[in-house]
A.B. asks: 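Dropping the structure in here first, questions after.
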Amino acid sequence: MYIRDTIAAVSTPPGNGGIGIIRVSGDQAAVVGNTVFTSVSDGGFVSHRFSFGTIRDAATGEKVDEAMAVLMRSPRSYTREDVLELHCHGGWLVVERVLALVLACGVRLADPGEFTRRAFLNGRIDLVQAEAVMDIIASKSEAALQLAQRQREGALSKRIDEVRGCLLKALALVEAYIDFPDDDIGSTDVASITASVESAQSMLSDLLVTFEEGRIIRDGISVLIVGKPNAGKSSLLNRLLNENRAIVTHIPGTTRDIIEETITFEGLAIRFLDTAGIRHTDDLVEQEGINRALEKVPLADLILAVFDGSRRFSQEDQMLMDALAGRKIIAVVNKSDLPQRFSLSDETRFLAVVPITALSGDGVDLLKLTICRQFHHSSATDSREFISLSRARHRDALVSAEGFLHQFSVGLVDRNLELLALDLRGALDSVGAVTGQTATDEVLDLIFSSFCIGK
Ligand code: GDP
């Protein structure tokens with residue numbers, strides 16, 4: 001539901017900064033501007049033009065700050081409503097006081113993502129583009145940022161609209177025959193319906209295959225570092241991060257909780273999770289750490305199984321291998337500076353075997369490269385034309401559309417027109433949920449509640 005009241009929020013991050021921006025959107029934006037802000041030049045606001053002046057408490061006349069203010073008249077604004085921005089000094093107290101003055105004019109504090117929600121409800125952007133705005137803010141790597149920018153520019157939305165176009169064409173033909181039940185569908189029309197549905201199906205499957213890669217680009221790769229105590233996991237993490245993040249000692253069992261850090265490499269974000277060494281132990285705290293490590297195993301995109309190259313394959317290594325069954329694993333054989341006693345009985349269980357010396361860093365760059373290669377295969381992803389799914393919400397909606405179209409193709413033999421139309425409408429609804437044509441208030445609440453306040 002869209003109540004057209006006026007909303008306001010601080011749009012810059014919390015804390016102290018150079019400037020702080022208070023954004024106001026709605027019919028009362030200009031009134032708020034004229035109440036709290038006085039320009040040094042005469043005359044009121046000119047749309048889209050900054051003016052310099054003072055912010056005052058209208059009740060007491062007290063000067064609160066010097067500021068720049070801009071009013072963007074509807075519809076040429078982020079929300080397509082009148083939008084006022086007050087750019088004041090960026091101390092948290094100043095910003096809070098200016099916000100309080102704005103709210104005292106009778107406007108409401110905005111909910112998280114409400115400005116962007118209004119941009120969506122007023123038809124300036126669709127839901128994919130609204131989500132892309134959030135992805136731009138949250139981007140952790142170059143590749144993620146590029147992908148989000150392409151989605152914000154509408155590349156994915158355009159492809160979704162093409163799929164909708166094909167489905168609408170097929171539906172129009174099917175419905176034409178529903179209106180004339182005595183006519184049989186002509187063979188040219190059957191061919192035309194089939195062709196439209198097939199091209200929608202092929203676009204859907206082309207999009208769906210991009211999901212894994214798109215998700216990795218957007219969220220990054222989560223890499224779990226596991227191994228027996230003293231194999232060198234913490235030393236490896238420090239080398240991967242190029243800093244002394246994890247405690248390294250010769251005493252086994254020092255890492256008891258999970259340490260999590262992200263780097264970017266080859267344009268991708270890689271999140272490393274260093275875990276407690278896997279072994280039998282009576283120490284309750286250590287055992288809890290081991291449990292936590294094992295819980296993460298099914299959630300990680302990739303596992304680095306770290307082995308001590310200077311020791312023989314042990315029972316503890318075997319314990320580890322059993323816990324990792326069925327996962328994507330790279331074997332990291334550490335301590336290659338020492339005489340090597342380690343050998344793997346079955347190397348085929350691993351995507352790769354990489355020898356390293358965590359102590360000196362030898363082999364660690366090759367390891368990073370090997371990790372990236374497991375995920376970032378197509379050079380197509382670097383091109384401006386690459387269109388990819390990156391959210392499970394989009395994937396699920398398109399999978400549902402595929403299901404309806406499969407049902408449609410099976411039903412085409414019997415040609416029950418009502419049922420065929422129902423399948424096509426089901427597919428259209430599913431596809432429409434991606435861009436927001438058919439999204440419910442609950443879905444919108446869910447999506448926008450994960451935005452930050454002021455966006
Ligand atoms: P973790 O328990 O698996 O996290 O292992 P640590 O990173 O704490 O390392 C255990 C011990 O092995 C420490 O004394 C490290 O200095 C040592 N170590 C780690 N990597 C290497 C390596 O590449 N070569 C040698 N010689 N020692 C290493």
Side-chain angles (χ1 to χ4, degrees), residues 221-263 265 270-297 299-324 327-344 347 349-371:
I221 309 167
S222 71
V223 178
L224 193 67
I225 305 175
V226 292
K228 67 181 174 188
N230 262 358
K233 300 176 295 301
S234 300
S235 308
L236 171 60
L237 179 74
N238 289 339
R239 280 286 162 196
L240 289 164
L241 303 177
N242 262 336
E243 63 177 78
N244 283 330
R245 172 68 176 83
I247 300 167
V248 174
T249 69
H250 63 280
I251 307 157
T254 36
T255 307
R256 292 166 168 231
D257 208 347
I258 291 173
I259 300 179
E260 206 176 306
E261 290 288 340
T262 302
I263 62 162
F265 188 73
I270 312 177
R271 189 158 50 95
F272 291 106
L273 297 100
D274 181 22
T275 61
I278 310 284
R279 64 167 171 179
H280 283 298
T281 176
D282 295 329
D283 180 328
L284 283 179
V285 180
E286 192 183 351
Q287 186 55 51
E288 177 57 26
I290 294 171
N291 293 344
R292 287 183 189 190
L294 295 175
E295 277 167 18
K296 292 279 179 190
V297 168
L299 306 176
D301 294 312
L302 182 73
I303 315 266
L304 295 185
V306 184
F307 299 103
D308 184 340
S310 67
R311 292 170 185 269
R312 286 185 208 292
F313 188 90
S314 64
Q315 219 183 357
E316 284 161 343
D317 291 320
Q318 187 55 53
M319 236 176 101
L320 175 68
M321 290 311 302
D322 294 343
L324 301 182
R327 307 297 307 161
K328 281 183 170 180
I329 315 167
I330 292 180
V332 181
V333 184
N334 187 31
K335 308 194 187 182
S336 52
D337 54 319
L338 301 176
Q340 296 296 286
R341 294 205 182 80
F342 183 81
S343 68
L344 285 166
E347 298 201 0
R349 289 182 66 176
F350 304 102
L351 297 168
V353 178
V354 184
I356 63 156
T357 306
L359 212 54
S360 66
D362 276 0
V364 173
D365 277 344
L366 177 68
L367 176 61
K368 287 188 200 169
L369 216 62
T370 313
I371 294 169

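Residues take their numbers from the sequence shown, with the count starting at 1. Side chains included, hydrogens not; waters and symmetry mates left out as well; all remaining heavy atoms used. Both counts, for ligands and for their atoms, begin at 1 and track the order of listing. Please read all numbers here as calculations on a predicted model, not as lab measurements.
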A.B. asks: Output yes when the distance from some N or O of ligand 1 to some N or O of Ile356 is under 3.5 Å, and no in every other case.
C.D. replies: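 Min N/O separation from ligand 1 is not below 3.5 Å for Ile356.
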A.B. asks: N/O of Ser235 under 3.5 Å from N/O of ligand 1, yes or no?
C.D. replies: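 Looking only at distances, the answer is yes, because the N/O contact criterion of under 3.5 Å is met.
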A.B. asks: Flag the pair Gln287 / Asn291 as yes when at least one side-chain heavy-atom distance between them is below 4.5 Å, and no otherwise.
C.D. replies: yes
A.B. asks: Output, in order, the C-alpha distance, side-chain angles, deciding distance and verdict of salt bridge (Lys or Arg N to Asp or Glu O under 4.0 Å) for Asp274 and Lys233.
C.D. replies: CA-CA 7 Å; Asp274 181 22; Lys233 300 176 295 301; 5.8 Å; no
A.B. asks: Considering only heavy atoms of Lys233, which atoms of ligand 1 have at least one such atom less than 4.0 Å away?
C.D. replies: 1 (P), 2 (O), 3 (O), 4 (O), 5 (O), 7 (O)
A.B. asks: Is there a nitrogen or oxygen of Leu338 sitting under 3.5 Å from a nitrogen or oxygen of ligand 1?
C.D. replies: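 No: no nitrogen or oxygen of Leu338 is under 3.5 Å from one in ligand 1.
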A.B. asks: So, does Arg271 use its side chain to make a donor-acceptor pair with the main chain of Ile221 at under 3.5 Å?
C.D. replies: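 No.
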A.B. asks: From the options Lys335, Lys228, Arg239, select the one whose nearest heavy atom is closest to atom 17 (C) of ligand 1.
C.D. replies: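 Among Lys335, Lys228, Arg239, the closest heavy atom to atom 17 (C) of ligand 1 belongs to Lys335.
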A.B. asks: Determine whether Val332 and Ile225 make a side-chain contact, defined as any pair of heavy atoms from C-beta on separated by less than 4.5 Å.
C.D. replies: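 Val332 does not reach Ile225 side chain to side chain.
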A.B. asks: Pro229 to ligand 1: N or O pair under 3.5 Å?
C.D. replies: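 No, there is no polar N/O contact under 3.5 Å.
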A.B. asks: Hey, are Ser235 and Asn238 close enough side-chain-wise for a donor-acceptor pair under 3.5 Å?
C.D. replies: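 Checked: Asn238/Ser235 side chains show no N/O donor-acceptor pair below 3.5 Å.
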A.B. asks: With a 4.5 Å heavy-atom cut-off, do Phe272 and Leu304 have their side chains touching?
C.D. replies: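 Yes, close enough: below the 4.5 Å cut-off.
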A.B. asks: Just go through Asn230, Leu237, Asp362, Leu359 and tell me whose heavy atom is the nearest to atom 25 (C) of ligand 1.
C.D. replies: Leu359
A.B. asks: Take Lys328 and Asp301, measure what salt bridge (Lys or Arg N to Asp or Glu O under 4.0 Å) needs, and give me the verdict at the end.
C.D. replies: CA-CA 7 Å; Lys328 281 183 170 180; Asp301 294 312; over 6 Å; no
A.B. asks: Counting from 1, what ligand 1 atoms have a heavy atom of Asp337 closer than 4.0 Å?
C.D. replies: 22 (C), 23 (O), 24 (N), 25 (C), 26 (N)
A.B. asks: With a 4.0 Å cut-off on heavy atoms, is Ala231 touching ligand 1?
C.D. replies: yes
A.B. asks: Looking just at side-chain N and O atoms, do Thr275 and Lys296 make a donor-acceptor pair shorter than 3.5 Å?
C.D. replies: no
A.B. asks: Below a 4.0 angstrom heavy-atom separation, can you tell me which part of Val306, side chain or backbone, both or neither, approaches ligand 1?
C.D. replies: neither
A.B. asks: Under 3.5 Å between any N/O of Leu236 and any N/O of ligand 1: does that happen in this structure?
C.D. replies: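 Looking only at distances, the answer is no, because the N/O contact criterion of under 3.5 Å is not met.
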